[in-house]
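To keep things clear, I will list the structure first and then write my remarks on it.
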Amino acid sequence: MAKNLLIVESPAKAKTIEKILGEDFEVKSCYGHIRDLEKDDMGIDVNNNYHPRYMVPEDKEKVVKELKTLAKKSNEVWLASDEDREGESISWHLAEVLGLDPATTKRIVFHEITAPAIKKAVDTPRRINMDLVNAQQARRVLDRLVGFELSPVLWRKIGMQRSLSAGRVQSVAVRLIVEREREINQFTPESSYKVEALFAAKDINGKSVSFKADGPAKLNSQETAQQFLESCKGATYAVADVQVKPAKRTPAAPFTTSTLQQEASRKLGYGVAKTMLLAQKLYESGQITYMRTDSVNLSDTAMGDINNEINQSYGKQYYQSRRYKNKNESAQEAHEAIRPTYMNQHTVDDADTRRLYELIWKRTIASQMSDAEFEKTIAKISISTNKDQLTATGEVMKFDGFLKVYLEGKDEEDEEDTEGILPPLTVQQQLEFREMTATQKFTRPQPRYTEASLVKKLEELGIGRPSTYAPTISTIIKRNYVEKRDKEGVKRDVSILRLSKSGEVEKEVIQENTGAEKSKMFPTDLGMVVTDFLKQHFQKVMDYGFTARIEQEFDEIADGKLKWANMIDSFYKPFHSNIEVTLETAERAKGERELGIDAATGKKVIARMGRYGPMVQIGHADDEEKPRFAKLKSTQSIETISLDEAMELFKLPRNLGLFEGSEVTVNIGRFGPYAAHDKKFYSLNKEMDPYSVTLEEVAPMIEEKRKAKDERTIKVFEKEKIQVLRGPYGPYIKQGLRNYKLTKEQQEKAADLTIEEVKAIIEELKANPPKKVARKKKS
DNA sequence: CAGTGAGCGAGCTTCCGCTTGACTT
């Protein structure tokens with residue numbers, strides 16, 4: 001008797017479900033989508049109702065073949081892909097490929113992998129929902145049309161590097177980073193003065209302790225700050241009012257993909273790819289639920305386990321059952337929130353995944369814990385010499401609640417986040433004055449995005465899905481549109497006015513570091529030029545609301561109220577004619593910017609995109625004299641480089657003079673600063689600055705490097721361009737860029753090898769490349 | 001390995017979303 005075949009998307013789920021369903025079911029996975037659009041002609045018949053042409057990609061042939069065989073042998077096939085647009089489409093593709101009748105094939109869905117949920121699903125099968133499938137086809141076709149028509153426009157109008165790309169998601173992600181960078185570049189900080197007074201009073205043990213009180217509103221100039229401090233000279237201070245208020249804090253919802261990525265970034269410093277890799281490991285070993293989800297929901301079984309765990313570990317008073325609602329409209333909630341499979345497992349053995357696991361465990365537990373309760377004290381302090389009041393605030397925790405386990409991190413560190421404890425204060429109480437300061441504060445621009453805060457923003461805009469956040473970031477980095485790096489800060493002066501006990505106002509200037517960044521997303525010049533080009537010509541697709549708008553139309557298709565080909569048609573007609581107009585009329589985008597005039601020649605200096613990257617240029621191509629060119633340094637940008645910095649770049653190459661009868665020049669090349677001498681190249685040592693290094697320093701370096709190279713060279717066959725060299729593992733053969741290893745016996749007579757022998761060795765090694773030994777895994 | 005800086009127009013690149021291995025160091 002043939003069994004039932006049930007197909008899910010993920011192999012880890014298949015295993016669990018097979019255990020739950022027992023012998024009647026064989027559960028297999030299809031590993032996500034099994035078909036995609038052909039690449040030729042976009043895989044879409046644009047002139048025939050956008051009819052899609054699907055094919056099974058090469059890497060899916062094996063699994064499709066296996067499923068076909070199993071389906072034939074089975075009594076009945078059940079399709080159990082995820083319950084969302086993509087999942088419905090996967091079921092439909094499976095039905096098509098396996099030759100199942102969509103009108104009779106059983107389709108089941110569940111949001112959690114628990115026995116009751118699976119059994120209930122099997123008891124209530126439905127059919128494939130073609131409206132939902134059509135909504136997915138519309139999504140797929142639209143993304144293909146946008147991506148495969150926009151990208152070639154970039155190849156034609158920007159050029160630069162091969163593999164330029166544009167798409168509904170990636171181009172908007174780059175735009176966010178580009179616009180944030182410009183906001184920061186254009187930002188002018190405004191300064192104001194913050195008044196803070198230090199007092200002393202006796203605490204409950206009668207010991208004198210100091211505490212801070214804030215001044216009235218921020219003062220916007222040094223003069224007003226000075227005046228305020230002067231007006232407090234010789235004053236006495238008394239408590240005018242004390243208020244005590246209760247306050248509380250509530251825990252955050254369980255993790256989704258996006259919040260897990262954000263929190264792992266803030267608390268563990270992981271990039272989104274690392275977080276997802278570790279989460280995948282935990283998922284595959286059965287320790288957490290599925291890690292690509294937009295749902296904050298917990299299964300009933302999990303809720304019960306969490307209740308038990310909190311009662312046992314912390315006590316009943318720490319438990320508070322909570323249901324979280326998703327704030328995000330675009331969420332499709334095909335899975336649970338990310339949580340540990342077994343709540344009584346507080347940690348895992350594997351050191352790599354432990355920190356992430358513990359973060360997930362804490363967040364999940366905390367989400368069902370009581371509020372943290374505080375008592376907030378606000379004391380007003382009067383000043384005898386003027387009408388203003390100072391305010392001292394203190395916070396005391398009365399009950400820790402969920403804070404016993406976990407506190408969610410913040411993206412921006414607030415400097416004024418430290419509310420301490422106040423000594424007991426009573427109205428009319430006279431306070432001992434220690435000092436009062438007015439410190440200059442500067443407004444700050446929005447911070448640059450981290451990988452995770454970019455994901456957060458994309459999610460808010462409804463752009464991208466849990467499975468694509470990390471890959472999208474890899475793509476825009478790989479395309480060289482953005483880069484993740486650090487930036488050094490700059491020093492700036494901060495004025496502090498201080499009124500001391502003795503009654504004098506003194507001024508002090510200290511320095512602070514500002515604008516330093518660590519592991520942030522910066523746009524490249526290429527990213528800026530591409531973004532400007534796309535914004536100028538394809539405003540609609542680049543709009544932050546574009547995805548949200550078409551999602552509404554996909555929903556209408558899913559509800560059966562709109563035909564998908566009609567929806568695509570009304571998008572594509574104007575889009576495609578826009579493509580044609582742009583190809584015909586748009587100028588090549590160069591991101592050109594005028595920097596000023598070269599004092600020596602009176603010619604214009606411009607910064608722009610060249611064929612090989614960002615560069616500066618003196619003069620014009622039409623001039624009688626050829627223009628001069630120089631490449632920008634990797635830390636410089638077309639948008640921000642100054643004339644002086646540009647002129648500095650033209651100081652290279654420098655001719656240092658003659659050494660052994662030939663000229664020595666220094667320059668910065670593809671691989672960093674180098675010296676050229678007698679047609680050979682020598683990388684400059686780290687401490688050598690190409691702008692100032694002298695012949696006296698370079699000449700000995702050349703001799704040294706030449707000697708080292710001679711010592712490494714055993715034999716040279718000039719004509720064949722083959723060398724026998726001495727490396728750290730003994731003699732080896734080098735031909736062009738490739739190295740060939742010698743056997744022990746060959747190494748011993750390396751100096752006597754003839755050209756015939758060397759050629760034979762190379763032929764042999766090319767025909768039978770030595771097997772690579774896999775490196776041992778770190779344990 | 002260390003140049004080039006515009007365009008001959010050969011032949012190449014590209015999207016988003018669903019899933020894991022199969023490769024290499």
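Convention: sequence-line order gives letters A, B, ...; per-chain numbering from 1.
Residue-level contact check: A:R608 touches the backbone only, with heavy atoms under 4.0 Å from sugar-phosphate atoms and none from bases. Across all strands shown, A:R35 has no heavy atoms under 4.0 Å from either base or sugar-phosphate atoms. A:A166 comes within 4.0 angstrom of sugar-phosphate atoms only, judged by non-hydrogen atoms across all strands, and of no base. Residue A:Q280 is in sugar-phosphate contact alone, with no base atom involved, counting any heavy-atom pair closer than 4.0 Å across all strands shown. Residue A:Y283 is classed as a sugar-phosphate contact, given heavy-atom separations below 4.0 Å to backbone atoms only. Counting non-hydrogen atoms under 4.0 angstrom, A:R168 reaches the backbone sugars and phosphates but no base. Contact annotation for A:S683: base contact, defined as any heavy-atom pair under 4.0 Å involving a base atom. Using a 4.0 Å heavy-atom distance criterion, A:T475 is classed as a sugar-phosphate-only contact. A:Q136 comes within 4.0 angstrom of nothing in the nucleic acid, heavy atoms only. Counting non-hydrogen atoms under 4.0 angstrom, A:G87 reaches nothing in the nucleic acid. Residue A:S165 is classed as a sugar-phosphate contact, given heavy-atom separations below 4.0 Å to backbone atoms only. Within 4.0 Å of A:V169, counting heavy atoms only, lie sugar-phosphate atoms of the nucleic acid but no base atom. Looking at heavy-atom distances under 4.0 Å, A:P627 makes no contact with the nucleic acid at all. At a threshold of 4.0 angstrom between heavy atoms, the contacts of A:G167 are confined to the sugar-phosphate backbone, with no base atom among them.
Residues A:T531 and A:S171 fail the side-chain proximity criterion, which asks for heavy atoms closer than 4.5 Å. Residues A:F571 and A:K540 have side chains in contact (heavy-atom distance under 4.5 Å, counting atoms from C-beta outward).
An OP1 or OP2 oxygen of B:dT19 is reached within less than 4.0 angstrom by a side-chain nitrogen or oxygen of A:Y290. A close approach under 4.0 Å does not occur between any side-chain nitrogen or oxygen of A:Q617 and OP1 or OP2 of B:dG5. Contact annotation: A:S467 side-chain N/O to B:dC18 OP1/OP2 distance is under 4.0 Å. One finds a side-chain N or O of A:S10 lying less than 4.0 angstrom from the OP1 or OP2 phosphate oxygen of B:dT20. Of the side-chain N and O atoms in A:R465, one or more sit less than 4.0 angstrom from OP1 or OP2 of B:dC18. The phosphate of B:dG17 (OP1 or OP2) has a side-chain N or O of A:T468 nearer than 4.0 angstrom.
A:R144 contributes no side-chain N or O that forms a donor-acceptor pair with the base of B:dC16 under 3.5 Å. For B:dT4, the base has a donor-acceptor partner in the side chain of A:Y612 [N/O atoms by modelled type, under 3.5 angstrom]. For A:R140 against B:dC15, a side-chain-to-base donor-acceptor contact under 3.5 Å is present.
Between the CG atom of A:L79 and the C1' atom of B:dC18 there is a distance of 15 Å, rounded to whole Å. One interatomic measurement links the two molecules: NZ of A:K626 to P of B:dA6, which rounds to 10 Å at whole-angstrom precision. Protein atom NZ of A:K631 is 10 Å distant from nucleotide atom C1' of B:dA2, rounded to whole Å. As rounded to whole Å, 11 Å separates atom C1' of B:dC18 from atom NE2 of A:H93. In this structure, A:I668 atom CD1 and B:dG3 atom C1' are separated by 15 Å, rounded to whole Å. Regarding A:M42, its CE atom lies at a distance of 14 Å from the P atom of B:dC15, rounded to whole Å. When the P atom of B:dT14 is taken as reference, atom CG of A:D41 falls 18 Å away, rounded to whole Å. What separates CZ of A:R156 from C1' of B:dG11 is a distance of 14 Å, to the nearest Å.
For A:F629, taking side-chain heavy atoms from C-beta onward, the closest of the listed nucleotides B:dG5, B:dC18, B:dG21 is B:dG5. Of all nucleotides listed (B:dC15, B:dC18, B:dG3), B:dG3 comes nearest to the side chain of A:Y674. Closest to the side chain of A:E284, from the set B:dC18, B:dG21, B:dT14, is B:dG21. When the nucleotides B:dT13, B:dG3, B:dT20 are ranked by their closest atom to the side chain of A:F681, B:dG3 comes out on top. Each of B:dG17, B:dC18, B:dT14 was ranked by its minimum atom distance to the side chain of A:D84; first place goes to B:dC18. In this structure, the nucleotide among B:dG5, B:dT20, B:dC15 sitting nearest to the side chain of A:R479 is B:dC15.
Figure legend: A:K13 and A:Y290 shown as a cation-pi pair, the cationic atom lying under 6.0 angstrom from the six-membered ring centre and within 45 degrees of its axis. In this structure, A:R144 is positioned above the aromatic face of A:F148, its NZ or CZ under 6.0 Å from the six-membered ring centre and within 45° of the axis.
Donor-acceptor pairing under 3.5 Å is lacking for the side chains of A:H677 and A:E663. Inspection of the A:Q617 and A:R628 side chains reveals no N or O donor paired with an N or O acceptor under 3.5 Å. Looking at A:Y50 and A:D45, their side chains never bring a donor and an acceptor atom within 3.5 Å of each other. Using modelled atom types and a 3.5 Å distance limit, the side chains of A:H537 and A:N578 yield no donor-acceptor pair. Using a 3.5 Å distance cut-off with no hydrogens or angles, the side chains of A:T341 and A:Q287 do not pair a donor with an acceptor.
Remark: ring of A:Y31 does not overlap the six-membered base ring of B:dT19 in a stacked fashion, as centroids less than 5.5 Å apart with planes less than 30° apart are not both met.
Across B:dT20 and B:dT24, the matching P atoms stand 23 Å from one another, rounded to whole Å. Of the C1' atoms belonging to B:dG11 and B:dG7, the separation is 16 Å, rounded to the nearest Å.
Mapping A:K590 and A:N667 onto DNA chain B by nearest heavy atom places A:N667 at the nucleotide closer to the 5' end.
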